[in-house]
Amino acid sequence: KNQVEQSPQSLIILEGKNCTLQCNYTVSPFSNLRWYKQDTGRGPVSLTIMTFSENTKSNGRYTATLDADTKQSSLHITASQLSDSASYICVVTSSGTYKYIFGTGTRLKVLA
Amino acid sequence: DVKVTQSSRYLVKRTGEKVFLECVQDMDHENMFWYRQDPGLGLRLIYFSYDVKMKEKGDIPEGYSVSREKKERFSLILESASTNQTSMYLCASSRQGWGTNQPQHFGDGTRLSIL
């Protein structure tokens, strides 16, 4: 069964600290992996999209990694800011289909 | 910037009512999607459309229907609302092609309560 699992479910860090969110998937055949940020009461916004051949992609203070062999991805946030408080959702797409398989997200809270 | 606009942010309806949720995108995207988002669950696909008048069932289509008469507009219809359809509904759009690197662009959601 195609699944995407994220950990931790929630995380609290102090402003200025770094953190790493994890995503494991069992989707096959794999096409690409996406990370989205969802602020409370808003729709998800795309941060990065990575294909099979890419193992690192950055978007400002956000860096996503992908290990297609172990089917794992991580999202690293550097020098966190209060505005990083949000849910972060990992999404994997399967080749040749319209299927986007969503993880349940990691809820991050950054404290001053 | 791509803009996906959902007609209502909050909506309260009664059981048995027919409910319409509207979504409009301004980037001439071919694909449009309706999801529902519930606590502890990932987004679940209700229906999607890859062209005008074309639609495909997603994972949870029961109790819902859709309409796409124009490229920019995708409507979700709850035929006879029930309390288990209380949820956050998200509309998204993207350029043509499956499993491509095109991002999905989401609206800000409609929080629907069925009493």
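The structure displayed is predicted, hence computed values, not measured ones. Numbers restart at 1 for each chain; the letters A, B, ... are given by sequence-line order, proteins then strands. For the numbers below, each heavy atom of this structure counts, side chains included, while hydrogens, waters and symmetry mates do not.
- Shortest non-hydrogen contact noted between A:Ile49 and B:Gln102 is CD1-C, 4.1 Å.
- When the side chains of ILVMFWY residues are joined at heavy-atom separations under 4.5 Å, either directly or via intervening members, B:Met88 and B:Phe48 end up in a single hydrophobic cluster.
- Within 6.0 Å of CZ in A:Arg61 there are more than 12 heavy atoms belonging to other residues, nucleotides or ligands.
- Only the side chain of A:Tyr36 comes within contact range of chain B, judged by heavy atoms closer than 4.5 Å.
- Proximity to chain A (any heavy atom under 4.5 Å) is shown, for B:Arg111, by neither the backbone nor the side chain.
- When hydrophobic clusters are built by joining Ile, Leu, Val, Met, Phe, Trp and Tyr residues whose side-chain heavy atoms come closer than 4.5 Å, directly or via intermediates, A:Val92 is grouped together with A:Trp35.
- Ring centroid separation for the pair B:Phe33 and A:Tyr100 comes in under the 6.0 Å cut-off.
- Looking at A:Ile89, only its side chain comes within 4.5 Å of chain B, counting heavy atoms on both sides.
- Put simply, A:Leu82 and A:Tyr88 are part of the same group of oily side chains (I, L, V, M, F, W, Y) that touch within less than 4.5 Å, one to the next.
- Both B:Ile60 and B:Leu78 belong to a single network of hydrophobic side chains, linked directly or stepwise wherever heavy atoms of I, L, V, M, F, W or Y lie under 4.5 Å apart.
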### Message
Checking A:Gln38 against B:Leu90 for the side chain to side chain contact (heavy atoms under 4.5 Å, CB included) test, could you report, in this order, the C-alpha distance in whole Å, the side-chain angles of both residues, the deciding distance, and whether it holds?
### Response
CA-CA 12 Å; A:Gln38 185 176 21; B:Leu90 288 163; 4.1 Å; yes

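- A:Thr93 OG1 to B:Gln104 CD: the interatomic distance, rounded to the nearest 0.5 Å, is 9.0 Å.
- Proximity to chain A involves both the backbone and the side chain of B:Leu43, based on heavy atoms less than 4.5 angstrom apart.
- In this structure, B:Tyr47 is not a member of the same hydrophobic cluster as B:Leu45, with clusters built from ILVMFWY side-chain heavy atoms closer than 4.5 Å.
- For residues 40-50 of chain A, the set of pairs meeting the side chain to side chain donor-acceptor pair (under 3.5 Å) definition, not counting sequence neighbours, comprises A:Arg42-B:Asp108.
- For B:Glu17, the CD atom counts as densely surrounded, since its 6.0 Å shell holds more than 12 non-hydrogen atoms of other residues, nucleotides or ligands.
- At a heavy-atom separation below 4.5 angstrom, chain A is approached by no residue within residues 66-75 of chain B.
- Using non-hydrogen atoms only and a strict 4.5 Å limit, no part of residues 7-18 of chain A faces chain B.
- Using a 4.5 Å heavy-atom cut-off against chain B, the contacting residues of residues 102-112 of chain A are A:Phe102, A:Gly103, A:Thr104.
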